[in-house]
K.L.:
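Handing you this structure, nothing more for now.
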There are 2 protein chains.
Amino acid sequence: MNMPIAEAAHGDKRETVPSGRGSTRERVERSLRYALLTGRFVPGRPVTLRGLAQDLGVSPMPVREALRSLAAEKALDIKPNGRVQVPTMTPERLAEILKARLMLEPELATRAAGSLELADARALKELDDAIDLSIDGGDAETYMRLNHAFHFHVYRAARSEVLLPLVESLWLQFAPFMRIVYGRVGTAVLEDHHKEAIAAVAEGNAEALRAAIAADILGGMKLLQDAGYEAIPDTYSTKD
Amino acid sequence: MNMPIAEAAHGDKRETVPSGRGSTRERVERSLRYALLTGRFVPGRPVTLRGLAQDLGVSPMPVREALRSLAAEKALDIKPNGRVQVPTMTPERLAEILKARLMLEPELATRAAGSLELADARALKELDDAIDLSIDGGDAETYMRLNHAFHFHVYRAARSEVLLPLVESLWLQFAPFMRIVYGRVGTAVLEDHHKEAIAAVAEGNAEALRAAIAADILGGMKLLQDAGYEAIPDTYSTKD
DNA sequence: CGCTGAAAAATGTGATCACGTAGCGTAGAA
DNA sequence: TTCTACGCTACGTGATCACATTTTTCAGCG
């Protein structure tokens, strides 16, 4: 049986299809993206067309296209028999993602530095405060949403049409796994480098921003590698 | 009216849907990928669902999914009104693609070096000989197909599940533009660094392979930047 | 109690259709 | 001749259906 996506992490419904604008497929895709990014989808869990369609109250058609889209970004895995599932993580894959992030995201940060103003520093500060709260409160889902917002507020300023989609694809790939790890080790152990990043944005210091982002990535991903595979060896084949 | 994809570059039919295995959608997607990579799709040209479906002799359904897939990889552009077209190139986009390629592909080459054997060096040599022939013959389409095969023979050896798809996406993005440039300046001006790469593979010299690939990318992309925007200023809005 | 095989349920796929909309050619008026 | 407005055409979207295949369930046998 297919579990409604809202029940992936816990039981509440939330808004599975943000009533925002756009076509049905667009709303479905946004909804799935959000679910992936906040870890509502558990790695290894099968995802069915009709199941999702029913959960979202639409026909299977827009779901098909949305899934195909996400699969093309490697956010979902379509097995040879057509079955769709959230990709499972392996140490090799994780190492590759880390490498790719370290190459692309600092570059994006550097390019963004020129466009970021004091208003952005303030917005980032606000986000970071909320992030700290979610860490203290142990709210992994909120943390992931805000952390994504923090990073992409910076990256978007680079006005990059090429690098940004690549990075977005990477985030979609490790997010579900990240959520699992946080669920086990808790969010308390999280230490980010957002403060340095904010300071760098305020100063307009591109090099410092690059360094802060790189350190932030390294810290976060190291946690995944250590906690994800040493403390919790059976993480990647999680069945609900 | 929608022009059959086989007539995008010239008039012959070729096999638009390689009769290979897999589902209809898979064949359609392979066909479109091939057309994109060999430059049969002209940047800016509108692509219609029904048109492609008729050209390929299938229903619009598998075409829809294939287009959605390619669009997610930024190989096609779906405008807000739903219209699909081959993305047009801009100097900024091209510069970004070059940057991304220079970050990702040499890394892939380094990782591949360990797995590449003498048999691979021989296979690459054969490919390169054919490439030289296609350059002399001015056959841009064949050149592009073989050049892609050459690079990805190397990259695939890295057994990368993360980096490789990112690079594939990049190739799909610049290939149509590349084809336009070759059509104008001819293939004679092409100078690659395949010989060095082959030698590096034969020696198992990872660092030399990385350098050869980096040089090859730099050379090819510089040509696009120079010839694509200085000699031919109106390239990116090409209407059939 | 465990294994096996058949029936049943569920899944992805591809096709067809209806609908609303955007693009475009054409005719009419200024 | 040029601009405008109307009507036609073609398009993407979403829904529904039929079909083949796979997965699951469960009853019967060993």
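Labels below follow one simple rule: chain letters A, B, ... track the order of the sequence lines, proteins then strands, and each chain is numbered from 1. The shown structure was predicted, so the numbers you read here are calculated from the model rather than taken from an experiment.
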K.L.:
Among the candidates dG12(D), dT13(C), dG14(C), find the nucleotide nearest to the side-chain atoms of Thr48(B).
P.N.:
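Taking heavy atoms from C-beta onward, the closest nucleotide is dG12(D).
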K.L.:
Whole angstroms only, please: what is the CD-C1' distance between Gln85(A) and dT22(D)?
P.N.:
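Those two atoms, CD and C1', are 15 Å apart.
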K.L.:
Would you please confirm or rule out a distance under 4.0 Å between OP1 or OP2 of dG14(D) and any side-chain N or O of Thr24(A)?
P.N.:
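Checking dG14(D) against Thr24(A), a side-chain N or O does come within under 4.0 Å of OP1 or OP2.
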K.L.:
In whole angstroms, how far is the P atom of dG14(D) from the CZ atom of Arg68(B)?
P.N.:
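My rounded result for the distance is 8 Å.
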K.L.:
Nearest whole Å is fine: how far is dG14(C) C1' from Arg27(B) CZ?
P.N.:
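Going from Arg27(B) (CZ) to dG14(C) (C1'), I get 11 Å.
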K.L.:
In this structure, how many angstroms lie between the C1' atom of dT13(D) and the CD atom of Glu26(A), rounded?
P.N.:
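Taking atom C1' of dT13(D) as the reference, CD of Glu26(A) is at 12 Å.
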K.L.:
Of Arg83(A) and Ser59(A), whose nearest nucleotide on DNA chain D comes first from the 5' end?
P.N.:
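In this pair, the answer is Ser59(A).
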K.L.:
Report, as yes or no, whether the 6.0 Å neighbourhood of atom CD on Glu168(B) holds more than 12 heavy atoms from other residues, nucleotides or ligands.
P.N.:
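Above 12, so yes.
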K.L.:
May I ask you to evaluate whether Asn81(B) reaches the phosphate of dT13(D), defined as a side-chain N or O under 4.0 Å from OP1 or OP2?
P.N.:
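Negative; the distance criterion is not met.
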K.L.:
Any donor-acceptor pair under 3.5 Å linking the side chain of Thr24(A) with the backbone of Pro62(A)?
P.N.:
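Not confirmed, Thr24(A) side chain does not pair with Pro62(A) backbone.
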K.L.:
Map Pro62(B) and Leu67(A) onto DNA chain C by nearest heavy atom, then report which one ends up closer to the 5' terminus.
P.N.:
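Between the two, 5'-proximity favours Leu67(A).
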K.L.:
May I have the distance from Glu65(A) (atom CD) to dG14(D) (atom P), rounded to whole angstrom?
P.N.:
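To the nearest whole Å, that distance equals 7 Å.
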K.L.:
Output yes when a side-chain donor or acceptor of Arg27(A) lies under 3.5 Å from a complementary backbone atom of Gly22(A), and no otherwise.
P.N.:
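Pair found, side chain donor or acceptor close to backbone of Gly22(A).
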K.L.:
For Ile213(B) versus Ala109(B), what's the shortest heavy-atom pair and its separation?
P.N.:
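Nearest heavy atoms, Ile213(B) then Ala109(B): CG1-CB, 3.7 Å.
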K.L.:
Tell me whether the side-chain N/O atoms of Arg50(B) come closer than 4.0 Å to OP1 or OP2 in dT16(C).
P.N.:
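Indeed not, no polar side-chain atom of Arg50(B) lies that close.
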K.L.:
Which part of the nucleic acid, if any, lies within contact of Arg64(B), taking any heavy atom under 4.0 Å across all strands shown: a base, the sugar-phosphate backbone alone, or nothing?
P.N.:
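Arg64(B): base contact, heavy atoms under 4.0 Å.
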K.L.:
Check every atom of dT13(C), dA15(C), dT11(C) against the side chain of Met61(B) and return the nucleotide holding the closest atom.
P.N.:
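Selected nucleotide (nearest to the side chain): dA15(C).
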K.L.:
Round to a whole Å and report the spacing from CG of Leu56(A) to P of dG14(D).
P.N.:
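Leu56(A) atom CG is separated from dG14(D) atom P by 13 Å.
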K.L.:
If I take atom NZ in residue Lys79(A) and atom P in nucleotide dT13(C), what distance separates them, rounded to the nearest angstrom?
P.N.:
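It is 14 Å, rounded to the nearest whole Å.
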K.L.:
Determine whether Val162(A) and Gln173(B) make a side-chain contact, defined as any pair of heavy atoms from C-beta on separated by less than 4.5 Å.
P.N.:
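Contact flag for Val162(A)/Gln173(B) side chains = yes.
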K.L.:
Whole Å only: how far is the CG atom of Leu49(A) from the P atom of dG14(D)?
P.N.:
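That distance rounds to 14 Å.
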